[in-house]
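Everything on this sheet refers to the single structure shown next.
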Amino acid sequence: MRIDIISAVPDLMQSPFNHSILKRAITNNLVSVNLINLRDYAIENKQKQIDDYAFGGGAGMVLMIEPIDKCITKLKAERVYDEVIYMSPDGELLTQKICNNLSLLKNIIILCGHYKGVDERVRQHLITKEISIGDYVLSGGEIPAAVLSDAILRLVPGVLNDETSALSDSFQDNLLAPPVYTRPAEYKGWQVPEIVLSGHAANIDKWRHEQSIARTKLRRPELLK
Ligand code: SAH
C-alpha cells in the first residue's frame, strides 16, 4: 500500500513514520509513505503563494485550489488512486471499520488542510472522501493524517509482527480489548489474576473474551447493539 500525504508543513509528520512499527514496515517495503510539500506546487508569482485571504473577509487564510490541483494531477498521472481523502473536522468520524476498509486499498492520497481549511472547490471536485478524527479542531491536518495513516498501515499484512494481534485489539468485532498483564506476577501486593498464570490456553481465551464483553458493556455499551 502507498500513501501520499500532501501538506503545507510536511516536516510535522516525519516522526510518526520514522520510529517503531511504521518505520520497520516502510524499511521492509511493506508500505510506502510519501510526504509531499504543497509549497513545491506554489503558484508562480513572487510570493510563491499557496494560501490567500478568504473571499468575503474574515480572519484566517485559505489554501488555494491551484497548487492542490497541480499536485493531485501530477500524482494521478503517475498511478491510479483509490481514494483522495481530505482530513476535516466535518468529515465522516473515523472508526476501526473505515480503517479496515481503507487498509485493503492500493494507493491513496491524503490532503491536509491548514489555517481556515481549503477552498471549497477542492472538496467538491478533487476529493473522494472526507474524514474527521474527532469532534475537536486541530491547527492542521498533519496530525489527523498521521493518525489515519498509522491506523490503516498497522492493518496491512506483515506490518505487525504477530499478524493476529490487530484482530484482538479494541473495536474489532465491536469489542474492547481485555486487560493485559506482564511480569512480575505480584507487585507491591497487587496480584495478576490467577487465570492468566494458569497456562491453560483455552481457559485464558474464554476469560479474555468474558473480560472483553464485560468491559465493553461497562464502557461502551452502544458497541454491543
Ligand atoms: N475552519 C475549519 C477548521 C480548520 S482547522 C472548521 O471550522 O471546520 C485546519 C485544518 O486542520 C483543517 O483543514 C483540517 O485539515 C485539519 N483538522 C482540524 N481538525 C481536524 C479533525 N478533527 N479531523 C481531521 N482534520 C482536522
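First listed ligand is number 1; within each ligand, the first listed atom is number 1. Heavy atoms only: backbone and side chains are in, while hydrogens, waters and symmetry mates are out.
- Between K74 and I36, every side-chain heavy-atom pair lies at or beyond the 4.5 Å cut-off.
- Q191 places no side-chain N or O within donor-acceptor distance of the main-chain N or O of P193, the cut-off being under 3.5 Å.
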Pairs under 3.5 angstrom, nitrogen or oxygen on both sides, ligand 1 versus protein: list them out, please.
residue  : atom   : partner : partner atom : Å
ligand 1 : 1 (N)  : K116    : O            : 3.1
ligand 1 : 11 (O) : G140    : O            : 3.4
ligand 1 : 11 (O) : G141    : N            : 3.3
ligand 1 : 13 (O) : Y86     : OH           : 2.7
ligand 1 : 15 (O) : M87     : O            : 2.6
ligand 1 : 15 (O) : G113    : N            : 2.9
ligand 1 : 19 (N) : L138    : N            : 3.0
ligand 1 : 22 (N) : G134    : O            : 3.0
ligand 1 : 22 (N) : Y136    : O            : 2.8
ligand 1 : 23 (N) : I133    : N            : 3.1
ligand 1 : 25 (N) : S88     : N            : 3.3

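- Judged by distance alone, the side chain of N28 and the main-chain N or O of L30 form no donor-acceptor pair under 3.5 Å.
- Residues passing the side chain to side chain donor-acceptor pair (under 3.5 Å) test with R154, sequence neighbours excluded: D169.
- Here the closest non-hydrogen pair linking L138 and P144 is CD1-CG, 3.5 Å.
- The shortest side-chain heavy-atom distance between V33 and I26 falls under the 4.5 Å cut-off.
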